[in-house]
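For reference, the structure discussed in these notes is given below.
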Amino acid sequence: MKRQAIFSCLTCTPEGNAGICTACCLSCHDGHEVLELWTKRNFRCDCGNSKFREFSCKLSPNKDVENVENSYNHNFKGLYCTCNRPYPDPDLQEQEEMIQCCMCEDWFHEEHISLGSPKEIPRDEEGEPLYEDFICKACSAVCSFLTLYPKTIRATGKQPVASVATGKDKSVLEDIPPKDEPGKLDNDVCSETVQNNLVADMNHDSVSDDKKFVVGESSQNNDSSSLSQSIANSSGTCILGVDWMAASIDSESRPLFLSKNWRDVLCRCDKCLDMYKQKHISYLLDKEDSIAEYEKNAKQKREEKLQKREGAELNFFNNLGHIEKMEILNGIADFKDEFRSFLGSVDPSKAITAADVNQIFENLKNKRRRV
């Protein structure tokens, strides 16, 4: 699946080389030692394949022998971060907050992400993250080309604003940094080329004067996203305008905190698309790949299901006659009274048994017979 919740069953695969879906976690591995790994991209459930030996999946017995495109890391053994520790850590009284890398999908302690201090993590005054995605130090070496984009693609303590203007003032991707920070890009030569190519692309595409986009801030409408997409999707000329493989890029990899909507700015020319494919990082171009988008879609689906269920129940009730409606409402009221009476008489120090529950319904039956 494109993205789904994944679990690791240490009872069946203690070596941590397999993952199972939510349905198999509940149906096939109930009572086992199971680790919740949150979500993984492009993953197929391994339950019952060759890694589980004699164990067979109850939901889909005819599985492929192995899912060769699945990727596994030490998370499947219950270990995380560069410190290779479990979570929760039994040796710590207070658990430390962790951040997930959007590429390798491993989780990192704030103190172990190779920053000078956790205070360097972009957050607002209330401690809420100002970044959309995080890329760990190891993975940042794979996507070093991101440093060739204007600095506004990266999140900072105070978000810089990047605006796109037209040929009138040639103010393309102009950084407006915090007062205490110089207003320049990390790579002046590359960034100047980026700006020149963006100007050429916009003149060629006749971008209208009244459209702007902001990198690092969410917009209330789709204008900003559509404009950044129109720029990033120009297939003729590369936005970077340089052979980034031969360009002068800082060889020292460092973790990256990326601003909101950063994916919209990525170049989608044929050359860059081929590069993403060769590096197996095409998912960086997919906005729905992000955890935030996954959570948003999941929440929307839950709400739609609840509305559909509530609508069906309401329609069923409205189609009943007056007498049937009153019988249902009276039945609900009787059950509330009986249950309230039961809770008032039960001994709180004793467990509620099946016999207690059956007695509640037996009392309700007797009450209805008397009526």
Side-chain angles (χ1 to χ4, degrees), residues 1-7 9 19-32 34-41 43-48 55-63 128 218-223 225-226 286-371:
M1 290 180 64
K2 195 171 185 178
R3 180 171 288 281
Q4 65 171 319
I6 293 296
F7 302 80
C9 181
I20 58 176
C21 66
T22 303
C24 286
C25 175
L26 298 173
S27 300
C28 307
H29 301 268
D30 184 31
H32 292 191
V34 175
L35 299 174
E36 182 181 1
L37 305 181
W38 192 223
T39 68
K40 300 289 182 184
R41 72 167 62 87
F43 200 94
R44 294 181 67 191
C45 179
D46 288 316
C47 179
F55 186 90
S56 178
C57 178
K58 297 178 182 178
L59 302 180
S60 182
N62 300 321
K63 294 278 188 79
E128 295 298 320
S218 298
S219 174
Q220 297 298 323
N221 52 52
N222 293 328
D223 290 345
S225 178
S226 62
D286 184 4
K287 194 167 184 177
E288 292 187 357
D289 178 77
S290 68
I291 296 293
E293 194 68 20
Y294 171 83
E295 292 177 338
K296 176 184 173 183
N297 292 337
K299 183 179 179 181
Q300 183 177 348
K301 288 179 181 178
R302 279 198 303 270
E303 291 176 349
E304 290 175 353
K305 286 183 179 179
L306 286 174
Q307 291 176 358
K308 186 176 180 180
R309 185 184 306 167
E310 291 173 356
E313 293 170 351
L314 187 60
N315 287 335
F316 169 77
F317 189 75
N318 289 336
N319 289 331
L320 296 175
H322 176 71
I323 296 177
E324 293 168 319
K325 289 180 182 179
M326 293 305 298
E327 287 182 348
I328 290 176
L329 293 175
N330 288 333
I332 293 173
D334 290 342
F335 178 81
K336 285 182 177 180
D337 292 340
E338 184 64 32
F339 191 64
R340 190 180 295 111
S341 176
F342 167 77
L343 292 177
S345 61
V346 71
D347 185 350
S349 63
K350 296 181 180 179
I352 297 175
T353 65
D356 294 328
V357 176
N358 290 331
Q359 186 61 49
I360 293 174
F361 286 100
E362 187 64 30
N363 292 341
L364 286 171
K365 287 181 181 179
N366 293 333
K367 184 178 180 180
R368 291 190 66 83
R369 289 195 193 103
R370 290 194 297 270
V371 174

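None of these values were measured; they are calculated from a predicted model.
Atom CD of E304 sits about 13.0 Å away from atom NZ of K299, to the nearest 0.5 Å. Atom CD of residue Q4 and atom CZ of residue R44 lie 10.5 Å apart, to the nearest 0.5 angstrom. Once rounded to the nearest 0.5 Å, the distance linking CD1 of I352 with CG of D347 reads 10.5 Å. Annotation: the span from E327 atom CD to H322 atom NE2 amounts to 10.5 Å, rounded to 0.5 Å. Atom OG in S290 sits 9.0 Å away from atom CD in E295 (nearest 0.5 Å). Between the NZ atom in K336 and the CD1 atom in I332 there is a gap of 7.0 Å [rounded to 0.5 Å].
The nearest pair of heavy atoms linking T22 to A5 is OG1-CB, 3.7 Å. When all heavy atoms of C47 and K63 are compared, the closest pair comes out as O-NZ, 2.8 Å. Annotation for A351 and D356: closest pair O-OD2, 4.0 Å, computed over non-hydrogen atoms. Between I328 and L320, the shortest heavy-atom distance links the atoms CD1-CD1, 3.4 Å. Of all heavy-atom pairs between C24 and C57, the closest is SG-SG, 3.6 Å.
Of the possible donor and acceptor atoms, one in the side chain of E324 sits under 3.5 Å from a partner among the backbone N and O of G321. At distances below 3.5 Å, at least one donor-acceptor pair connects side-chain atoms of N330 with backbone N or O atoms of M326. Judged by distance alone, the side chain of S27 and the main-chain N or O of A23 form a donor-acceptor pair under 3.5 Å.
Other residues, nucleotides and ligands place no more than 12 heavy atoms under 6.0 Å from the CD1 atom of I323. In F317, the CZ atom is crowded: over 12 heavy atoms of neighbouring residues, nucleotides or ligands sit closer than 6.0 Å. In K325, the NZ atom is crowded: over 12 heavy atoms of neighbouring residues, nucleotides or ligands sit closer than 6.0 Å.
The ring of H32 has its center no closer than 6.0 angstrom to the ring center of F7.
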### Message
Could you walk me through whether E362 and N358 satisfy the side chain to side chain donor-acceptor pair (under 3.5 Å) test, starting with their C-alpha distance in whole Å, then the side-chain angles of each, then the deciding distance to 0.1 Å, before giving a yes or no?
### Response
CA-CA 6 Å; E362 187 64 30; N358 290 331; over 6 Å; no
### Message
Before you tell me yes or no, could you show the steps for I20 and C28 under side chain to side chain contact (heavy atoms under 4.5 Å, CB included), namely the whole-Å CA-CA distance, both residues' side-chain angles and the distance that decides it to 0.1 Å?
### Response
CA-CA 10 Å; I20 58 176; C28 307; over 6 Å; no
### Worked check of side chain to side chain contact (heavy atoms under 4.5 Å, CB included) between I6 and W38
CA-CA 6 Å; I6 293 296; W38 192 223; over 6 Å; no
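With respect to the salt-bridge test (charged N to carboxylate O, under 4.0 angstrom), the residues K2 and D289 do not qualify.
For the side chain to side chain donor-acceptor pair (under 3.5 Å) with R3, the lone residue among D286, T39, N297 that qualifies is T39.
In this structure, L306 and R309 have side chains that are in contact, with non-hydrogen atoms separated by less than 4.5 Å.
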